[in-house]
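Below is one structure, written out as structure tokens, with a few remarks after it.
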Amino acid sequence: MSIDSAAPVRAEEPAISARTATKRTVLMCKPQFFTVVYRINPWMDPALPTDTSLAVQQWQTLYDTYVGLGFDVHLIDPIDGLPDMVYAANGGFVIDNQAYGAKFTHVERQPEGPAYMDWFGANGFNVRVPIETNEGEGDFLLVGDVILAGTGFRSDSNSHAELSIIAGRPVITLRLINPSFYHLDTAIAVLDDTNIAYLPSAFDAPSLAILQERYPDAVIVSEEDAAILGLNSYSDGYNVVIAARAKDFERQLRARGYNPIGVDLSELLLGGGGVKCCTLELRR
Ligand code: ARG
């Protein structure tokens, strides 16, 4: 009988490796015209009051946080009558200087597609006008060399194939099943090129199996943290800007050697968005 007493005991959380921050370039849109006047996700209730100046103030804190991290932050002008334009993540998906435009599901947001494409064009990106319905980085998340792509509520799965050709990278389709987590970036957080955090109950069984297989060491967030859109966060590989109230997520990130930075975007949560929704990564 051989007893392998030297076998390592499996730690509850994977060993901390050194994390490296990479300076990001992002696009944001000030919530100058933010309010909730229609309901296209379960978070939105037009009967509840919104405070636009508080939204601007909270958004400014996110902006300042990014600038403090050394990010290059670009701004697109907000348009009166497009209250959801603050959720810049939905404006497209940008990689290798190619800007795949958004084609929104709901009529209320459709004018945002061309507005963002105009900005990309004016700022030197090669605009790729979409044929298929898709809501940009809300449903497309780059993890290393692959793109995780959500469908079920917003982006059509045909857009996954369209993006795969434009980006020249594999796109992995994941099906969302809980209307409260209607965009992929509400159910998955990308931490770096190999690590993600996610909410298992947001996915159908085949999609969950894919995630479990590809990311066995993923951070699994609690329903409680997900319920305040805690997963809707943005990482530079070391610093992870998250919802200030996502305490357990914060603890897990710290345990793995990341530096969580909490920001309160309670006002923008009334529209069903958080940190990541307000952030579109620009990759030249
Ligand atoms: N009210 C917006 C909508 O329902 C919120 C978008 C949130 N954006 C995101 N990337 N998850 O379309």
Side-chain angles (χ1 to χ4, degrees), residues 26-48 50 52 55 58-59 62 76 78-79 81-94 100-113 115-116 133-142 147-156 159 163 174 176 178-190 196-199 202-203 221 225-235 241-243 246 263 265-282:
V26 299
L27 178 61
M28 296 179 75
C29 180
K30 193 179 188 160
Q32 201 175 321
F33 303 109
F34 172 75
T35 182
V36 175
V37 285
Y38 50 79
R39 183 183 174 94
I40 57 173
N41 70 53
W43 304 85
M44 303 173 86
D45 181 355
L48 292 177
T50 51
T52 305
Q58 293 179 336
W59 174 92
L62 179 64
I76 180 173
I79 298 173
L82 297 178
D84 275 341
M85 206 172 159
V86 58
Y87 305 112
N90 299 124
F93 182 85
V94 184
Y100 176 47
K103 188 172 165 189
F104 284 84
T105 311
H106 296 103
V107 70
E108 292 89 342
R109 296 196 68 184
Q110 279 165 4
E112 293 183 44
Y116 275 92
T133 298
N134 82 87
E135 298 196 352
E137 249 186 22
D139 275 323
F140 302 132
L141 297 172
L142 183 72
I147 297 167
L148 302 182
T151 191
F153 295 101
R154 300 292 180 88
S155 300
D156 191 301
S159 70
L163 175 60
L174 300 170
L176 297 161
N178 180 340
S180 292
F181 306 106
Y182 56 96
H183 276 141
L184 193 63
D185 70 359
T186 64
I188 291 184
V190 180
I196 66 166
Y198 69 97
L199 175 71
F203 298 92
V221 299
D225 282 352
I228 47 147
L229 291 186
L231 272 167
N232 196 252
S233 54
Y234 188 61
S235 173
V241 184
I242 67 169
V263 170
L265 294 183
S266 61
E267 205 54 31
L268 294 168
L269 193 57
L270 297 172
V275 171
K276 178 63 189 73
C277 298
C278 296
T279 313
L280 176 66
E281 189 163 339
L282 300 169

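In each ligand, atom 1 is the first atom listed, and ligand 1 is the first ligand listed. We use all heavy atoms of the structure for the numbers below, so side chains are in, but hydrogens, waters and symmetry mates are not.
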- Query: Between the side chains of Tyr234 and Glu281, does any donor sit under 3.5 Å from an acceptor?
  - Reply: yes

- Task: Determine yes or no for a side-chain-to-main-chain donor-acceptor pair under 3.5 angstrom, with Arg109 supplying the side chain and Asp84 the backbone.
- Result: yes

- Message: Please list the nearest protein heavy atom to atom 12 (O) of ligand 1 with its residue and the distance rounded to 0.1 Å.
- Response: Arg109 NH1, 2.7 Å

- Query: So is Tyr182 in contact with ligand 1, going by heavy-atom distances below 4.0 Å?
  - Reply: yes

- Task: Please confirm whether the backbone N or O of Leu184 pairs with a side-chain atom of Thr186, one donor and one acceptor, at under 3.5 Å?
- Result: no

- Query: With a 4.0 Å cut-off on heavy atoms, is His106 touching ligand 1?
  - Reply: no

- Ignoring angles and geometry beyond distance, decide whether Asn90 reaches within less than 3.5 Å of ligand 1 through its nitrogen or oxygen atoms. yes

- Task: Flag Gly272 as yes when one of its N or O atoms lies below 3.5 Å from any N or O atom of ligand 1, and as no otherwise.
- Result: no

- One should read off an interatomic distance between Ile196 CD1 and Leu148 CG, to the nearest 0.5 angstrom, of 6.0 Å

- Item | Any N/O pair Arg154/ligand 1 closer than 3.5 Å | yes

- Message: Between Ser155 (side chain only) and Glu135 (backbone N and O only), is there a donor and an acceptor less than 3.5 Å apart?
- Response: yes

- Task: Would you mind running through ligand 1 and noting each atom that sits below 4.0 Å from a heavy atom of Gly138?
- Result: 10 (N)

- Could you check atom 10 (N) of ligand 1 against the protein and tell me its nearest heavy-atom contact, residue, atom and distance included? Asp185 OD2, 2.7 Å

- Parallel under 30°, tilted from 30 to 60°, perpendicular over 60°: which one fits the rings of Phe140 and Tyr100? tilted

- Query: Would a distance-only check, ignoring hydrogens and angles, find a side-chain to backbone donor-acceptor pair under 3.5 Å from Thr105 to Arg154?
  - Reply: yes

Identify every side-chain donor-acceptor pair in residues 266-275 under 3.5 Å, counting partners at least two apart or on other chains, and give the distances.
| unit_1 | atom_1 | unit_2 | atom_2 | d |
| --- | --- | --- | --- | --- |
| Ser266 | OG | Gln58 | NE2 | 2.9 |
| Glu267 | OE2 | Asp51 | N | 2.6 |

- Item | Flag side-chain contact, heavy atom, 4.5 Å: His183 against Asn90 | yes

- Which of these, Asp84, Val36, Thr105, has its nearest heavy atom closest to atom 2 (C) of ligand 1? Asp84

- Query: At what distance is the nearest protein heavy atom to atom 1 (N) of ligand 1, and which residue and atom is it?
  - Reply: Gly271 O, 2.7 Å

- Task: Identify the protein heavy atom lying closest to atom 9 (C) of ligand 1, giving its residue, its atom name and the separation to 0.1 Å.
- Result: Cys277 SG, 2.7 Å

- Message: For ligand 1, which is the ligand I care about here, please tell me if Tyr87 has any N or O atom under 3.5 Å from one of the ligand's N or O atoms.
- Response: no

- Query: For atom 4 (O) of ligand 1, what's the nearest protein heavy atom and its distance?
  - Reply: Asn41 ND2, 2.7 Å

- Query: What atoms in ligand 1 come closer than 4.0 Å to a heavy atom of Met44?
  - Reply: 1 (N)

